[in-house]
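In what follows, a single structure is set out as structure tokens and then discussed.
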Amino acid sequence: DWTIPQLFLALAIANAVVSIYIFTIVPEFLMRFLSWVMVRALYRLRPHGIEANVPDEGAALIVCNHVSYMDALILSATIPRPVRFVMYYRIFNIPVMRWIFRTAKAIPIAGAREDPALMQAAFDEVDKALAEGELVCIFPEGALTRDGQMGAFKSGVEKILERRPVPVVPMALRG
């Protein structure tokens with residue numbers, strides 16, 4: 001004896017309950033979906049070679065230039081597998097954003113002079129993620145570009161590869 005609007009309401013509530021349940025089990029799926037929607041709405045991306053170069057399974061280190069604060073969002077919307085991003089701890093600790101970064105499983109890192117213990121913990125977490133067959137992305141310049149040109153690389157990529165030799169996937173964001 002349900003009317004059509006009542007049936008649609010019941011289905012909407014059931015969908016909401018299932019969506020919340022899925023989010024509690026696999027929160028990065030929702031994060032990746034939202035980033036995909038936002039990036040597709042805001043940017044005209046023309047990715048080249050992602051399917052050919054990013055492995056379908058197994059660990060890999062993605063190394064990409066850093067041109068804006070949207071880089072991680074753009075890469076997570078473009079790469080078909082979940083990616084763990086290494087990010088500066090002060091950005092990671094922004095109050096509201098911290099929950100989003102934790103849900104996305106970002107890895108906070110500090111410079112050796114700022115917090116050597118946090119830096120070591122970050123490299124340990126990167127090694128653990130790679131050992132578990134995950135993709136990890138690092139921006140080797142360590143900061144946003146100031147002039148659009150590629151900056152000098154910090155030694156993070158070398159330290160990661162010394163501990164765990166995995167395939168390196170170079171990427172470039174431009175435009």
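This chain uses plain numbering: 1 for the first residue, then up along the sequence.
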Does the side chain of Pro47 come within less than 4.5 Å of Thr78's, by heavy atoms?
yes
Please step through salt bridge (charged side-chain N to carboxylate O under 4.0 Å, His left out) for the pair Glu134 and Lys128, ending with a clear verdict.
CA-CA 9 Å; Glu134 298 182 51; Lys128 179 181 171 194; over 6 Å; no
Nearest atoms (heavy-atom pairs only) where Pro82 meets Leu135:
O-CB, 3.7 Å
Within the distance-only criterion (no hydrogens, no angle test), does the side chain of Asn65 pair as donor or acceptor with the backbone N or O of Leu173 below 3.5 angstrom?
yes
I need the minimum non-hydrogen distance between Ala106 and Met87, along with the two atoms involved.
CB-SD, 3.6 Å
What is the minimum heavy-atom distance between Ile79 and Val54, and which atoms define it?
CG2-CG1, 4.0 Å
Does the side chain to side chain contact (heavy atoms under 4.5 Å, CB included) test come out yes or no for Leu75 and Cys137, once each step is laid out?
CA-CA 9 Å; Leu75 290 173; Cys137 180; 3.9 Å; yes
When the ring planes of Tyr69 and His66 are compared, do they come out parallel, tilted or perpendicular, using 30° and 60° as the limits?
perpendicular
Of Arg84, Arg163, Arg164, the residue whose pairing with Glu125 passes salt bridge (charged side-chain N to carboxylate O under 4.0 Å, His left out)
Arg84
Do Ile107 and Phe92 touch side chain to side chain, with heavy atoms closer than 4.5 Å?
no
Over 12 non-hydrogen atoms of neighbours within 6.0 angstrom of CD in Gln6:
yes
Under 4.5 Å between any side-chain heavy atoms of Ile4 and Phe8, yes or no?
yes
Are Met119 and Glu114 packed together at the side-chain level, in the sense that at least one heavy-atom pair is separated by less than 4.5 angstrom?
no
Hey, is CG on Asn15 packed in by over 12 heavy atoms from elsewhere, all under 6.0 Å?
yes
Using only atom types and a distance under 3.5 Å, with no angle test, would you say the side chain of Arg81 pairs donor to acceptor with the backbone of Pro55?
yes
Report the distance from atom NE2 of His48 to atom CZ of Arg46, rounding to the nearest 0.5 Å.
6.0 Å
Assess the residue pair Arg98 and Ile94 against the criterion (side chain to side chain contact (heavy atoms under 4.5 Å, CB included)); give the C-alpha distance rounded to whole Å, side-chain angles, the decisive distance to 0.1 Å, and a yes or no.
CA-CA 6 Å; Arg98 182 181 173 102; Ile94 294 172; over 6 Å; no
Would one find more than 12 heavy atoms of other residues, nucleotides or ligands at under 6.0 Å from atom CD of Glu57?
no
Of all heavy-atom pairs linking Leu130 and Ala60, the shortest is CD2-O, 3.5 Å
Could you check whether any side-chain heavy atom of Met171 comes within less than 4.5 Å of a side-chain heavy atom of Ile50, counting everything from C-beta outward?
yes
If you compare all heavy atoms of Val169 against all heavy atoms of Asn53, which two are closest, and at what distance to 0.1 Å?
CG2-O, 3.6 Å
Tell me, do Ile109 and Leu118 make a side-chain contact under 4.5 Å, heavy atoms counted?
no
Separation between OH of Tyr88 and CD1 of Ile91, rounded to the nearest 0.5 Å
8.0 Å
Please verify the inter-ring angle class for Phe139 with Phe85; under 30° counts as parallel, over 60° as perpendicular, anything in between as tilted.
parallel
Under 4.5 Å between any side-chain heavy atoms of Ile160 and Ile138, yes or no?
yes
Got a sec: does the CZ of Arg102 have more than 12 other heavy atoms crowding it under 6.0 Å?
no
Hey, are the side chains of Met70 and Tyr43 touching, using non-hydrogen atoms and a 4.5 Å cut-off?
yes
Locate the shortest heavy-atom distance separating Ala59 from Pro167; write the atom from each residue and the value.
O-CD, 3.5 Å
Can you confirm whether Phe23 is buried at CZ, in the sense that more than 12 heavy atoms of other residues, nucleotides or ligands lie under 6.0 Å from that atom?
yes
